[in-house]
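Below is one structure, written out as structure tokens; comments come after it.
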There are 2 protein chains.
Amino acid sequence: MTQELFARYSFLLDRTARKVKQYAQHQFKAGEFDVTVDQWLVLKNLSENELLSQTELANLVFKDHPTLTRIIDLLCKKGYVERVPHPQDRRSFQLHLTDSGLEKVSELKPKILEIREKAWENLTPKDFEEFKRILDTIYQNLGGPSEE
Amino acid sequence: MTQELFARYSFLLDRTARKVKQYAQHQFKAGEFDVTVDQWLVLKNLSENELLSQTELANLVFKDHPTLTRIIDLLCKKGYVERVPHPQDRRSFQLHLTDSGLEKVSELKPKILEIREKAWENLTPKDFEEFKRILDTIYQNLGGPSEE
DNA sequence: TACCAATAGTTAGTGTGACAAATATATAAA
DNA sequence: TTTATATATTTGTCACACTAACTATTGGTA
């Protein structure tokens, strides 16, 4: 009987994740941020780790390689990122934020933190801990690597 | 400073939702279920509510109309669902599970409940309550309708 | 040196999500 | 009745997730 509930929770999880993304995307659009939510995730990680390869970046943001290839294509087209040939390994690139990309990150960072905050109204720091613990447990139950 | 954490939680939420879907999809494929996770959600809701219109169904599963149109197209192509013209309103359809669709639902239902259960190992019923409460709060914070 | 498996990245195909716009029909107002 | 507005669904476009297949390169090994 509780079994029936499990399916329900996976539904709520999916629905909420989509809502969170959709809400952020609306705010991004309203503020004319010129990037999508996923593009922002990539930009932000690049600003925190220079000279990553695409594989390293893929592991950081938990996206697969084809998806990342396309996101980077788009960010290159927008002039925020450059693919620099790796000096030793001709198969790979070092990803590099352009000046324009750096500027974009510092411009958007505070605005996006503010947008993200909205979701957590009426919730306590203890709730965050519980939420994180449950999400991580689910992730690991399904074969994901545990958080370091 | 806690601000930085918020962005992190939205990342974990997205990552976990994708993992849950990915895990289920792998099991669906291994079991040759012949439907995707989203197609299953639609089938299941149709089995619980006969003669829905697409709009009613869209509201149940929280998908937008174009997405639902396409999922139903695929389910029709697979022979699980039929669009029956609405007797009074020529704009709309009544969605109808075929015999094959009914059979598919009863065949898959127990298997899928079992798959869903996996995510909740090491978690208590109290955790489920907390999780549901937090997810619903986030959903409502971002403008979603509250649960009835 | 020649072969071979592993790795980095890309491309193509399908399904889904969001959004805008179009079509057809229904209903209400003038 | 005519007009206006609202509703049900579809179509088109872009972005992302996942799979499979492909190219190029690397590094180990016979």
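Labels below follow one simple rule: chain letters A, B, ... track the order of the sequence lines, proteins then strands, and each chain is numbered from 1. Atom set for the values below is all heavy atoms of this structure, side chains included, hydrogens, waters and symmetry mates excluded.
- Map A:T67 and A:R91 each onto its nearest nucleotide of DNA chain D; the residue landing nearer the 5' end is A:T67.
- In this structure, CG of B:L68 is placed 14 Å from P of D:dT11, rounded to the nearest angstrom.
- When only modelled atom types and interatomic distance are considered, B:K78 and B:Q39 share a side-chain donor-acceptor pair under 3.5 Å.
- Nucleic acid contact class of B:T69 (heavy atoms, under 4.0 Å, all strands): base.
- Nucleic acid contact for A:Q22: sugar-phosphate only, since backbone atoms but no base atoms lie under 4.0 Å from a heavy atom of the residue.
- If you check every strand for non-hydrogen atoms under 4.0 Å, B:T55 touches sugar and phosphate atoms only.
- Look at CG on A:L57: it is 13 Å from P on D:dC16, rounded to the nearest Å.
- Ring geometry for A:F28 versus A:F33: interplanar angle of 30 to 60°, hence tilted.
- Among the nucleotides C:dT10, D:dT19, D:dC16, the one closest to any side-chain atom of A:D64 is D:dT19.
- Note on ring orientation: taking the six-membered ring where Trp is involved, the planes of B:Y139 and B:F62 are perpendicular (angle over 60°, cut-offs 30° and 60°).
- Counting any heavy atom pair closer than 4.0 Å across all strands shown, B:R70 reaches a base atom.
- B:T36 comes within 4.0 angstrom of the backbone, heavy atoms only, and of no base.
- Residue B:Q88 is in sugar-phosphate contact alone, with no base atom involved, counting any heavy-atom pair closer than 4.0 Å across all strands shown.
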